[in-house]
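Here is the structure we will look at, set down as structure tokens.
The sequence lines fix the lettering, A, B, ..., with proteins before strands; numbering per chain opens at 1.
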Amino acid sequence: MRTPVIVGAAECDLGITNKSILHLQAQAVSRALEDAGLKIGDIDGLATNGISRFSATQLADYLGIAPAFTDSTFAGGSSFEMYVARAFHAVASGQCNVVVISFASNQRSAKSRSLGGVVEHHTPEAQFETPFGPLFPLSYYAMAAQRYLFDVVGAREALDEIAMSAREWALLNPKAYRFGAGSLTNSDLASSEMISSPLRSSDCCLVTDGGGAIVITSSDRAKDLKKRPVAILGFGESTTNSSMTTHKNLRVTGAKQSGDRAFAMAGVDRSDIDVVEVYDSFTITSLLSLEGLGFAEIGQGADFVLDRKTRPGGSFPLNTNGGGLSYCHPGQYGILLLVEAVRQLRGECGSRQVANAELALAHGTGGILSTNATVILGAA
Amino acid sequence: MSDVSEFPYLPLEDAISAPFWEGTRNRRLLIQWCTQCHSFQWYPRAICISCAGDCLEWRSASGNATINSWTRVHRSPAEGFVPQYVIARVLLDENVLMLTRLVGEFADNPTCDAKVTVKWQELSDGRALPVFG
Ligand SMILES: [Zn+2]
């Protein structure tokens, strides 16, 4: 069996681009291939979503290729961590040789984001949840945060610290939307608008254009490519709920199962991980993910972050590009977790580089804490 | 209760859920009960998620519940919804979670783990939504 590795990673334009989705997709794919030293004609596997109903088909057509493997699993922001697992199997088995995983959105330019989400009238959620008027997905995360605040002392300060830490990292990343915006201050937090209590705008991710791509091939094929390959050591996923009322415990997410599966496959310990990229759609998402993944005990995540260890220079580098909160959030952020993890392992991150980063974890979350997928990567 | 016009979304119903919605016209909170494994479930389905059987019938819930969590919505999700209002997950005494709104004093001062009971919010077509307060 062949050993799949990651050989390319790149972002498309980020922020406010006034470009179409496929234009941004083409940028992401081309730049990731350039990074790898491969050409569009080398792609024989493609995984993407968010373009149209037939997303992978659409992108293959746009790129002018006829791949032997496609996947458009639609699971929100964690889809891209899931694609790593699918691509791994496809390359390992020999179904295909070079898989590109990509995503792009122009949601900011196109003003296509709605606070109520996309209502599909035939679903149970439309029948039994939409009539009450929740913001979607925001109000679900807000209820998770509300419960956390009710149960755990110091949690409000911990959510604020997660937002402040992300901003500190963004100040080191010239690509970050908030690069140059300065530190997040207590008065910024205090004046931040309440959206769905207890979550304020400072707890919510950016709404931007953006995206990226990574390239996966076999270790044999990687030998004559441009850069040191990144090893795919473990992955795991867990899908828990679509409805707002299925998952009993708002504070314990599928990150637990997802993380346990990935760590078991990788055969490494939590304490071995040098850099962690978790989906921060909201501050509470980071907090619950850190606990679910086992970096902190359940209920101890607030204490874990409050000593500022997740900031630049701290002992637990978290969301080192500035995260969805301060760098970029194109609706589905999962691809950018992978791009940053790869760059950290290659030592390409400039002033935000984590010294001697050898093991990285990327953890995606999709929907309303619905889907979780974890990938553990290693420097070759 | 709020005006019916502040509940602008009229849900579709289907063969499975029709008895629930019919019950709301008479202000009865009906939830599915599995006669095979003796468990309640919410939302209504064609199968029992506890035993995978289809021996489901409708039972009246007590209407008593506990607030699992809540959020005060400050922005409108769609045209016609008028913030501020409070969305909640409540755990019915029958051990199923429902999404709802809080009304009355509980909307003014919500708190997790408080006990609430069902009230009804009429929709413009004569059906009603179970809200709690
Ligand atoms: Zn049953």
Exercise for the section: Tell me, for A:Y140 versus chain B, whether the close heavy atoms (under 4.5 Å) come from the side chain, the backbone, both or neither. Expected result: side chain

Problem - Heavy-atom side-chain proximity of B:Y9 to A:E129 below 4.5 angstrom - result: no

Fill in the blank from the handout: Greatest number of non-hydrogen atom pairs under 4.5 angstrom with chain A, of B:C112, B:P130, B:P83, falls to B:C112

Handout entry: Crowding at CZ, A:R156 (>12 non-hydrogen neighbours, <6.0 Å)
Key = yes

Handout entry: More than 12 heavy atoms of other groups within 6.0 Å of A:E297 CD
Key = no

Handout entry: Considering all heavy atoms, the nearest B:P77-A:G133 contact
Key = CG-O, 3.4 Å

Exercise for the section: Check whether any side-chain N or O of B:R89 sits under 3.5 Å from a backbone N or O of A:M244 as a donor-acceptor pair, and report yes or no. Expected result: yes

Handout entry: Reported CZ-to-OG distance for the pair B:R75 and A:S201, which is rounded to 0.5 angstrom
Key = 8.0 Å

Handout entry: Atom CG of B:D54: over 12 foreign heavy atoms under 6.0 Å
Key = no

Practice task
Please look at B:I16 and chain A and tell me whether the side chain, the backbone, both or neither of the residue comes under 4.5 angstrom of a heavy atom of that chain.
Solution key: neither

Problem - A:T130 versus chain B, the contacting section by heavy-atom distance below 4.5 Å - result: both

Fill in the blank from the handout: Closest non-hydrogen atoms of A:Q127 and B:D14, given as atom of the first, atom of the second and distance, are NE2-OD2, 3.4 Å

Completion exercise
Of all heavy-atom pairs linking B:L99 and A:F132, the shortest is O-CE1, 3.3 Å

Problem - Under 4.5 Å from any heavy atom of chain A - which part of B:E6 - result: neither

Fill in the blank from the handout: When rounded to the nearest 0.5 Å, the distance separating CG of B:L97 from CG of A:N241 is 11.0 Å

Handout entry: A:Q146 side chain vs B:W70 backbone, donor-acceptor pair below 3.5 Å
Key = yes

Problem - Heavy-atom contact with chain A under 4.5 Å, split by part of B:T111 - result: side chain

Problem - Ring geometry between B:Y43 and A:F128 (parallel below 30°, tilted from 30 to 60°, perpendicular above 60°) - result: parallel

Handout entry: Heavy-atom pair of closest approach, residues A:S197 and B:H74
Key = N-CD2, 4.4 Å

Exercise for the section: Identify which of A:H122, A:E125, A:K248, A:M143 forms the greatest number of heavy-atom pairs closer than 4.5 Å to chain B. Expected result: A:M143

Problem - Minimum-distance pair of heavy atoms, taken over all atoms of A:S139 and B:V73 - result: OG-CG2, 3.7 Å

Practice task
Please name the pair of heavy atoms, one in A:A126 and one in B:P11, separated by the smallest distance, quoted to 0.1 Å.
Solution key: O-CB, 4.1 Å

Handout entry: Donor on one side chain, acceptor on other, A:S196 and B:T71, under 3.5 Å
Key = yes

